[in-house]
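Have a look at the structure below before the remarks.
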Amino acid sequence: MNLLDIIPGEFKRVGGKNGGEFHGACPWCGDGGKGHGSDRFHIWPEQGRNGTYWCRMCGRGGDAIKYLVDHDGLEFKAALERLDLHPDILGPKADKIPVGWQPSSVSRPADIWAEHALKFATWCHERLLERPDELTWLADRGIGLEMVRKYRLGWNPSHAWRERPAWGVKPQRKADGKMKKLWLPRGLVIPLLSDFSATAQVLRLRIRQPDQSPRYLVIPGSSREPMCSRVAEGMVIVESELDAILLDGLAGDLVGVVAMGNDTAKPTASLLPALKEAMVIMVSLDSDLPKYNPETGNMDMPGAKASRWWLSQFPQAIRVPVIGGKDPGDAFKEGVDLRGWVMAALPAYFHVKAELEAEKQKKRDARKARQLLQAEEPETVQAASLVKTVTLKNGRSFCLTSDREEWERLTDAGELVFSEYEMKRLQAACQNMEPDERLAAAMLVLDVKEIFAPAWIRRGEVVTNENN
């Protein structure tokens, strides 16, 4: 007896492998009332002991025993009798949480590997900054230029191979007897940094291939240490490093973010102290679709299952499922307010702390605005007084000129330069702003000028110099 014998209704066979797959109407939600056109309730009659099921509409899933208990309301023993199963067939209940778990220590990569990895990552970072398409792809995932630079993300434009011993990696032979080389595939380079200083070491190289399997490849010789944005009172546990970078950019002032790499990875000895000291640990592993577990015959959700381990080991851990998608990146693309999502899961202490910090930041911004309005007199005069260098009290400087040729010469050289006409337009546009608004607008214009040197201001817009 299997699920096709138990569940009433008509089910259409759509697959022939491994006992077949059948689609029809869900006994719970009815598949939205589609009637004979229903296809979101799936049955695999030969999976497990008596078949498994899952509904794409309401998410219910399990095996034949679970169906009889949840839908027909039978007691567990009665469900076994209905299926003509003996209780011993299930075997002894296993302890799903490891007892006496101890974190493992992770060694750093060899010095020669770290040296080559740093050179490669630096070169790839420079290449990424030259590629607007890849930067746009990251921006669409919520990873802006600031985070690209902080984590030194890079782009390897073509496949490359290196001698393994030259990188300090153990030699290996292929099946044909030839020596295996170290493969550096084309794609997005995600380095793990020892810290975020200018002298940081590279501990791991992970490359995301855009159009090839495997999608993510860790370069041999890399460390297995998880990526951690910072140590904080609130920590968020995710799987993907790109998701960790995304959350750091949106809520890094509120929490620290840890990327474990996958749902089964465990904290290392160096990460454990930060987790133990945290006031709250938000476990936000991927919200994957249910997968069939051949050992239990159930449809499991790996992220939810793995979260139980975290909750058993850390009393301050809470499960915070990702909403709007299977991971934070998907949720961001669906328009989910991820900062609000993080804040909603944090205790009241963090909300009060965030409000106090926001008030302090507002005062700091107002002070900076006053300093910006009190710019020092020009320090130097260039090109027979055609160009003035203005240095602000906050340390930033720019060139000011009324000469078109000098403006073009300086912009071609990549200098930060404004014409006197631009400055007048900016002053007019900002005259009715509050000090903090004026500061934000001024910093935005300076940032735009640094990235797009040949841009000029017209009617409050940023316009490129081409065809103008």
Side chain to side chain contact (heavy atoms under 4.5 Å, CB included) for Trp54 and Trp44? Distances and angles first, verdict last. CA-CA 9 Å; Trp54 173 58; Trp44 297 272; 4.0 Å; yes
Going by salt bridge (charged side-chain N to carboxylate O under 4.0 Å, His left out), name the residues that satisfy it together with Arg206, two or more places apart in sequence or in a different chain. Glu241
Show the numbers, then the answer: is there a salt bridge (charged side-chain N to carboxylate O under 4.0 Å, His left out) between Asp70 and Lys66? CA-CA 6 Å; Asp70 292 352; Lys66 186 171 177 60; 3.0 Å; yes
Would you confirm whether Asn50, through its side chain, and Met1, through its main-chain N or O, come within 3.5 Å as a donor-acceptor pair? yes
So, do Met235 and Cys228 sit near enough that their side-chain heavy atoms are less than 4.5 Å apart? yes
Can a donor-acceptor pair be found, under 3.5 Å and without considering hydrogens, that links the side chain of Asp72 to the backbone of Leu74? no
Please tell me if the side chains of Phe41 and Phe11 come closer than 4.5 Å, counting only heavy atoms from C-beta onward. yes
Is a side-chain donor or acceptor of Lys181 paired with a backbone partner of Met179 at a separation under 3.5 angstrom? no
Listed by chain and number, what are the side-chain hydrogen bond (donor to acceptor under 3.5 Å, both in side chains) partners of Asp140, not counting sequence neighbours? none
Answer yes or no: is there a donor N or O on one side and an acceptor on the other, between the side chain of His351 and the main chain of Met343, under 3.5 Å? yes
Donor-acceptor under 3.5 Å (Arg164 side chain, Lys170 main chain): yes
Side-chain donor or acceptor of Asp243 paired with backbone N/O of Gly329 under 3.5 Å: yes
Hey, are the side chains of Pro328 and Val322 touching, using non-hydrogen atoms and a 4.5 Å cut-off? yes
Taking all heavy atoms of Leu193 and all of Lys150, pick out the closest pair and write down the distance. CD1-O, 3.7 Å
Compare every heavy atom of Ile281 with every heavy atom of Ile237, then report the nearest pair and how far apart it is. CG1-CG2, 3.7 Å
Looking at Cys26, Pro45, Pro27, which one forms a side chain to side chain contact (heavy atoms under 4.5 Å, CB included) with Ile7? Pro27
Who pairs with Gln212 by side-chain contact (heavy atoms from CB on, under 4.5 Å), at least two apart in sequence or on another chain? His159, Trp183, Gln209
To the nearest 0.5 Å, how far apart are CG in Leu68 and CG in Leu83? 5.0 Å
Student check: side-chain heavy atoms of Cys55 and Cys29 closer than 4.5 Å: yes
Considering residues at least two apart in sequence or located in another chain, which fulfil the salt bridge (charged side-chain N to carboxylate O under 4.0 Å, His left out) criterion with Glu134? Arg131
Apply ring-ring contact (aromatic ring centres under 6.0 Å, His included) to Trp341 and list each qualifying residue two or more places apart in sequence or on a separate chain. none
Name all residues meeting the side-chain contact (heavy atoms from CB on, under 4.5 Å) criterion together with Asp337; count only those two or more places apart in sequence or in a different chain, and write none if there are none. Arg339
I'd like to know if the side chain of Ser222 reaches the main chain of Val218, judged simply by a donor and an acceptor atom lying under 3.5 Å from each other, with no hydrogens or angles considered. no
Could you check Asn2 against Glu46 for side chain to side chain contact (heavy atoms under 4.5 Å, CB included), going step by step and ending with a plain yes or no? CA-CA 8 Å; Asn2 59 44; Glu46 300 299 324; 4.1 Å; yes
Is the closest side-chain heavy-atom distance between Val342 and Leu250 below 4.5 Å? no
Quick one: are the ring centres of Trp123 and His125 less than 6.0 Å apart? no
Are side-chain heavy atoms of Glu239 and Met260 found at a separation under 4.5 Å? no
Look only at the side chain of Arg230 and the backbone of Asp253, and say whether a donor-acceptor pair between them is shorter than 3.5 Å. yes
More than 12 foreign heavy atoms under 6.0 Å from CG of Asp84: is that the case here? no
On the 0 to 90° scale, with breaks at 30° and 60°, tag the Trp167-His116 ring pair as parallel, tilted or perpendicular. parallel
Residues His42, Glu21; criterion side chain to side chain contact (heavy atoms under 4.5 Å, CB included); working and verdict: CA-CA 7 Å; His42 299 202; Glu21 178 178 345; 3.2 Å; yes
Got Pro210 and Arg186 here, is their nearest side-chain heavy-atom distance under 4.5 Å? yes
Side-chain touch Phe350/Leu254, heavy atoms, less than 4.5 angstrom: no
For Pro103 and Ala269 the tightest heavy-atom approach is CB-N, 3.7 Å
With Leu346, which of Val320, Ile318, Val280 fulfils side chain to side chain contact (heavy atoms under 4.5 Å, CB included)? Val280
If you compare all heavy atoms of Asp263 against all heavy atoms of Gly303, which two are closest, and at what distance to 0.1 Å? OD2-N, 4.2 Å
If the condition is salt bridge (charged side-chain N to carboxylate O under 4.0 Å, His left out), which residues does Arg127 pass it with, not counting sequence neighbours? Glu130
Heavy-atom pair of closest approach, residues Ile245 and Met227: CG1-SD, 4.2 Å
side-chain hydrogen bond (donor to acceptor under 3.5 Å, both in side chains) partners of Arg208, counting only residues at least two apart: Tyr216
For Pro220, does its backbone N or O pair with a side-chain atom of Trp113 as donor and acceptor, under 3.5 Å? yes
Rounded to the nearest 0.5 Å, how far does CG of Leu192 lie from CG of Leu203? 5.0 Å
Would Val283 and Phe314 count as a side chain to side chain contact (heavy atoms under 4.5 Å, CB included) here? Give the steps. CA-CA 10 Å; Val283 183; Phe314 300 96; over 6 Å; no
Judged by atom type as modelled, is there a donor-acceptor pair below 3.5 Å linking the side chain of Gln316 to the main-chain atoms of Leu275? yes
Under the rule for ring-ring contact (aromatic ring centres under 6.0 Å, His included), what residues qualify as partners of Phe196, not counting sequence neighbours? Tyr151
Parallel under 30°, tilted from 30 to 60°, perpendicular over 60°: which one fits the rings of Tyr67 and Tyr53? perpendicular
Test side-chain hydrogen bond (donor to acceptor under 3.5 Å, both in side chains) applied to Gln201 - qualifying residues, sequence neighbours left out: Arg108
More than 12 heavy atoms of other groups within 6.0 Å of Glu357 CD: yes
Closest non-hydrogen atom pair, Ala117 against Val202: CB-CG1, 3.9 Å
Holding to side-chain hydrogen bond (donor to acceptor under 3.5 Å, both in side chains), I want the full list of residues that pass it with Arg215, two or more places apart in sequence or in another chain. none
Residues passing the salt bridge (charged side-chain N to carboxylate O under 4.0 Å, His left out) test with Lys353, sequence neighbours excluded, are Glu233
If I take atom SG from residue Cys124 and atom CG from residue Leu184, how far apart are they, to the nearest 0.5 angstrom? 8.0 Å
